[in-house]
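Quick note: residue numbers are just sequence positions, from 1. Only this structure's heavy atoms are used, side chains among them; waters, hydrogens and symmetry mates stay out. Note that this is a predicted model, so its numbers are computed, not measured.
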Amino acid sequence: MTAAENVCYTLINVPMDSEPPSEISLKNDLEKGDVKLKTEALKKVIIMILNGEKLPGLLMTIIRFVLPLQDHTIKKLLLVFWEIVPKTTPDGRLLQEMILVCDAYRKDLQHPNEFIRGSTLRFLCKLKEAELLEPLMPAIRACLEHRHSYVRRNAVLAIYTIYRNFEHLIPDAPELIHDFLVNEKDASCKRNAFMMLIHADQDRALDYLSTCIDQVQTFGDILQLVIVELIYKVCHANPSERARFIRCIYNLLQSSSPAVKYEAAGTLVTLSSAPTAIKAAAQCYIDLIIKESDNNVKLIVLDRLIELKEHPSHERVLQDLVMDILRVLSTPDLEVRKKTLQLALDLVSSRNVEELVIVLKKEVIKTNNVTEHEDTDKYRQLLVRTLHSCSVRFPDMAANVIPVLMEFLSDNNEAAAADVLEFVREAIQRFDNLRPLIVEKMLEVFHAIKSVKIYRGALWILGEYCSTKEDIQSVMTEVRRSLGEIPIVESEIKKEAGELKPEEEVSVGPAQKLVTEMGTYATQSALSSSRPAKKEEDRPPLRGFLLDGDFFVAASLATTLTKIALRYVSLVQEKKKQNSFIAEAMLLMATILHLGKSSLPKKPITDDDVDRISLCLKVLSECSPLMNDIFNKECRQSLSHMLSAKLEEEKLSQKKESEKRNVTVQPDDPISFMQLTAKNEMSSKEDQFQLSLLAAMGNTQRKEAADPLASKLNKVTQLTGFSDPVYAEAYVHVNQYDIVLDVLVVNQTGDTLQNCTLELATLGDLKLVEKPSPLTLAPHDFANIKANVKVASTENGIIFGNIVYDVSGAASDRNCVVLSDIHIDIMDYIQPASCTDAEFRQMWAEFEWENKVTVNTNIIDLNEYLQHILKSTNMKCLTPEKALSGYCGFMAANLYARSIFGEDALANVSIEKPIHLGPEAPVTGHIRIRAKSQGMALSLGDKINLSQKKTSL
């Protein structure tokens, strides 16, 4: 058995900078030193043994001079020492000296101090030598009767481990512990005893439980947790026992301990699929989320609720609990709120949609009064989107929702207002009956809109959907009100001239003197303080946008005026009124053009905006039927096409989702009746406790064998050559936040290799958790060494190092074999994700790290290249399939992914097919990657560069 396989429970942090002491000096300290010196010497001995030193000469010294001491620190250190020291001769027989040690521990087990007794019993759990344990058995049994619970608790654990490893030493252990359990009062002792019975003799554990099943609620939480585990295991192996214990699990849902409630709810769901059981478990989960303060706990329990929803028969039960689920929205954490809203939206039905909308409306109104929290704006956006989805799925709700949401068009937060606007645009197009209400409400809030982007959208909606003469007149009135006095240039120049006179008078007056904090005088002019404030106050919103140089809104206004003027002409027969309205619209456009060309705005008007406004003027001056058709019909048709394509895409994704969830049963599938199922067949179902334990250890059972490409062999990296004296290869197992390297080391020589050590170092955001311990390899022997590496962020990491060893009997220096580098693939941490176009653009603007990769490939088809990039980078294409279909010689697509550390990665693919180079010419173009961190952007770029070319199979 190699040193790496030796079981060691004690990990000690060692400062590596100190020089190892000699055996003679240690012997001297242990013999003649005082207690402090002996303590330090013993610590050094332990560290040296852990590092692979043998030190056989010190064993007797420690037995003679250190073992008799009564100092508690030394006794604790001795427990560690006896745990790690070799206790057998090379041929496997027990060392003679260990008899003396055994006697010393028999005395410690009868020591009056309960701490010494308890810690000795803990140490005995780690012993693997039956000869050492046999003489101690009477003393261990006697400890079960000790007055102190610490001793009794550890005595139970010691008996359990001895029974598990060497049953012949204490064959009556289950009976002994059962009797102990019946009379025991301490919760921790009862828990240990009950746990032993579960694993050693399940029938006795069940007998005990059935005697006290009515008092389970009064037990301590640690014992309740073990009882839940037992019930789960028993019912899992023997379903006929369910009826006996399900009442007990129901009772445990009322436990005061959150951990017990969580486990009991999870167990109840696996034991019963009855609606009452599912409802009780879900209710328990919801209570946990609301009462627990830790956001991580909330998210974990929410995930369990989402898992419940995935089951088709459970979904109906959860639909009745939507209002309870919405209580979770009182949590301030955005991630929790996001998941809760998504879950509520998935569960909403025609029965509860009205109540859901009422709650969400209240939440939206609440966010209006709270400004101090940074996530309030994002939360408001989430609520708006959820209400949007509800209204699209249940059109009857739209009339209740729209008036509340339209108040937010005047909100300072542009993102939330943009979401409201998108919703309003869809609602006004879909629901004809709501158009008058929406137009009326839009005219009410129009003057209060503060953002130019929202203003543009509002203008478009008003221009498109105002169909009555009165509404058209109202729009014109609102536009005139928002533009202020016209012509703009003249009125602005007059204003400037009018304001200068009083300012000149003010500047003649005495300058005001102020005293600063430091006691010095500061002079302030009345002229400079009053003027800008006055100008800003008096300026109407649209005029303000134009004077700031934003003329894109003017182009939008010109289109709106043209639409309403053409519609006004068709509605009103009187020629004089027609001409008057068109003239007013043309005057507004002309005055804006004049302003754009003057020097008053901060930025001059762009040529595009001039062309657009000029075109609108020309259309109004001619009023041709063709232009009327384009402005008033074609625009709306294009919006209708876009919305229907979007709806179709949503329906398609929902259909795919429901197909995934629907459990299809073939006509010839066997029906399993629980009463007729054999026990061994039932136990083939997955054990949840086992699965969660494996997940915690990182040994999740992936279906690797089914796909040969995903098999373990694909992840084996050769570290040395076949002709090296030591051959090494590593299997790289990537868990979520750490990497386990399983290194196979083979001694290819005829010599014994001593102190064979794997030395590793890392590059990038990787950190070696512990140093692998040294081995001794016999000729042509092999061993496995495991090394853990922690990962902190998504970027390519490199692990490098060497293997050093001594050849037994040789006088030469240490030998060294340099290992090949292990490259950690970024793809193990990146998962496809989706976000809205607005979020993508916002992140694209915010992220400062960009990496531009030139396309260099042998793929000749654009779509094939895109699919190849998606596959090799694990990203998701956000550009819809319809936008990518067809062929035009070029393609642009947005890709998005998120790492398990919550980092976002964006990419924009711009590629074209150079037709002039012939049909076999490869794709050309660029891929731009943006990320928050430099490592992410560079690593993704490297990955794309490495995998651009398609390898021929």
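Listed for the Thr757 side chain is a donor-acceptor partner under 3.5 Å among the backbone atoms of Asn755. A distance-only check finds no donor-acceptor pair linking the side chain of Asp108 to the backbone of Thr120 [under 3.5 Å]. When atom types are taken as modelled, the side chain of Asp103 and the backbone of Ile99 share no donor-acceptor pair closer than 3.5 angstrom. The closest donor-acceptor contact from the side chain of Tyr250 to the backbone of Ala277 lies under 3.5 Å. No donor-acceptor pair closer than 3.5 Å links the side chain of Asn295 to the backbone N or O of Leu299. A donor-acceptor contact shorter than 3.5 Å links the side chain of Asn165 to the backbone of Thr161.
The shortest side-chain heavy-atom distance between His733 and Ile739 does not fall under the 4.5 Å cut-off. At least one side-chain heavy atom of Ile170 sits less than 4.5 Å from a side-chain heavy atom of Arg141. A 4.5 Å side-chain heavy-atom check between Lys38 and Lys32 finds every atom pair outside the cut-off. Between Val301 and Val297 the shortest side-chain heavy-atom distance falls below 4.5 Å. The shortest side-chain heavy-atom distance between Leu197 and Tyr160 does not fall under the 4.5 Å cut-off. Counting heavy atoms from C-beta outward, Val156 and Cys189 have side chains that stay 4.5 Å or more apart. Looking at heavy atoms from C-beta onward, Leu121 lies out of side-chain contact with Leu157 at the 4.5 angstrom threshold. Side-chain atoms of Ile140 and Ile162, non-hydrogen and from C-beta on, do get closer than 4.5 Å to each other.
Ser255 and Gln224 form a side-chain donor-acceptor contact under 3.5 Å, judged by distance and modelled atom types alone. Looking at Glu134 and His168, their side chains never bring a donor and an acceptor atom within 3.5 Å of each other. Between the side chains of Ser22 and Ser25, at least one donor N or O lies within less than 3.5 Å of an accepting N or O.
Here the CG-CD1 distance, from Leu209 to Ile198, works out to 9.0 Å after rounding to the nearest 0.5 Å. A distance of 11.0 Å separates NZ in Lys786 from CG in Leu741, rounded to the nearest 0.5 Å. The distance from atom SG of Cys284 to atom CG of Leu305, rounded to the nearest 0.5 Å, is 10.0 Å. How far CD of Glu97 is from CG of Leu59: 5.0 Å, rounded to the nearest 0.5 Å. Considering CH2 of Trp82 and CD1 of Ile62, their distance stands at 6.5 Å, rounded to 0.5 Å. Atom CG of Leu42 and atom CG of Leu37 lie 11.5 Å apart (nearest 0.5 Å).
Because its NZ or CZ atom is not both nearer than 6.0 Å to the ring centre of Phe115 and within 45° of the ring axis, Arg117 does not count as a cation-pi partner of that residue.
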Inset, instruction - Give the intermediate values and the outcome of side chain to side chain contact (heavy atoms under 4.5 Å, CB included) for residues Val66 and Ile74. - result: CA-CA 8 Å; Val66 184; Ile74 284 187; 3.5 Å; yes
Inset, instruction - Would you check, one step at a time, whether the test side chain to side chain contact (heavy atoms under 4.5 Å, CB included) holds for Gln254 with Lys261? - result: CA-CA 7 Å; Gln254 312 304 322; Lys261 285 169 81 169; over 6 Å; no
Inset, instruction - With salt bridge (charged side-chain N to carboxylate O under 4.0 Å, His left out) as the test, would you mind laying out the steps for Glu292 and Lys298 before giving the verdict? - result: CA-CA 7 Å; Glu292 275 300 309; Lys298 288 177 191 280; over 6 Å; no
Inset, instruction - Could you walk me through whether Thr776 and Cys756 pass the side chain to side chain contact (heavy atoms under 4.5 Å, CB included) test, one step at a time? - result: CA-CA 6 Å; Thr776 300; Cys756 182; over 6 Å; no
Inset, instruction - Start with the C-alpha distance between Arg191 and Asp186, add both sets of side-chain angles, then the distance that settles salt bridge (charged side-chain N to carboxylate O under 4.0 Å, His left out), and finish with yes or no. - result: CA-CA 9 Å; Arg191 181 248 182 205; Asp186 182 75; over 6 Å; no
Legend entry - Stepwise side chain to side chain contact (heavy atoms under 4.5 Å, CB included) check, Leu206 with Leu230: CA-CA 8 Å; Leu206 287 173; Leu230 171 71; 4.0 Å; yes
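Taking 4.0 Å as the cut-off between side-chain N and carboxylate O, Lys36 and Glu40 do not count as a salt-bridged pair. Salt-bridge check for Asp71 with Lys76: failed, with every basic side-chain N at 4.0 Å or more from each acidic carboxylate O. Under a 4.0 Å N-O distance rule, the pair Glu145/Arg152 does not qualify as a salt bridge. Classification of Arg204 and Asp207 as a salt-bridged pair fails, no side-chain N sitting under 4.0 Å from a carboxylate O. Here Glu184 does not pair with Lys190 in a salt bridge; the nearest charged N to carboxylate O distance is not below 4.0 Å.
For Tyr805, there are no side-chain hydrogen bond (donor to acceptor under 3.5 Å, both in side chains) partners at least two apart in sequence or on another chain.
Leu777 approaches Phe782 most closely through the heavy-atom pair CD2-C, 4.1 Å. For Cys102 against Pro135, the heavy-atom pair with the smallest separation is SG-CG, 3.7 Å. For the residue pair Asn296 and Asp294, the shortest heavy atom distance occurs at N-OD1, 2.9 Å. Of all the heavy atoms in Leu136 and Tyr105, the pair that sits closest is CD2-C, 4.1 Å. Of all heavy-atom pairs spanning Tyr150 and Arg122, the tightest one is OH-CD, 4.0 Å. For the pair Leu26 and Ala41, the tightest heavy-atom approach, listed with the atom from each and the gap, is CD2-O, 3.8 Å.
More than 12 heavy atoms of other shown residues, nucleotides or ligands fall within 6.0 angstrom of atom CZ in Arg164.
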Identify each donor-acceptor pair in which a side-chain atom of residues 175-183 lies under 3.5 Å from a protein atom, sequence neighbours left out, and give them as a table.
| residue | atom | partner | partner atom | Å |
| --- | --- | --- | --- | --- |
| Asn183 | ND2 | Asp179 | O | 3.1 |

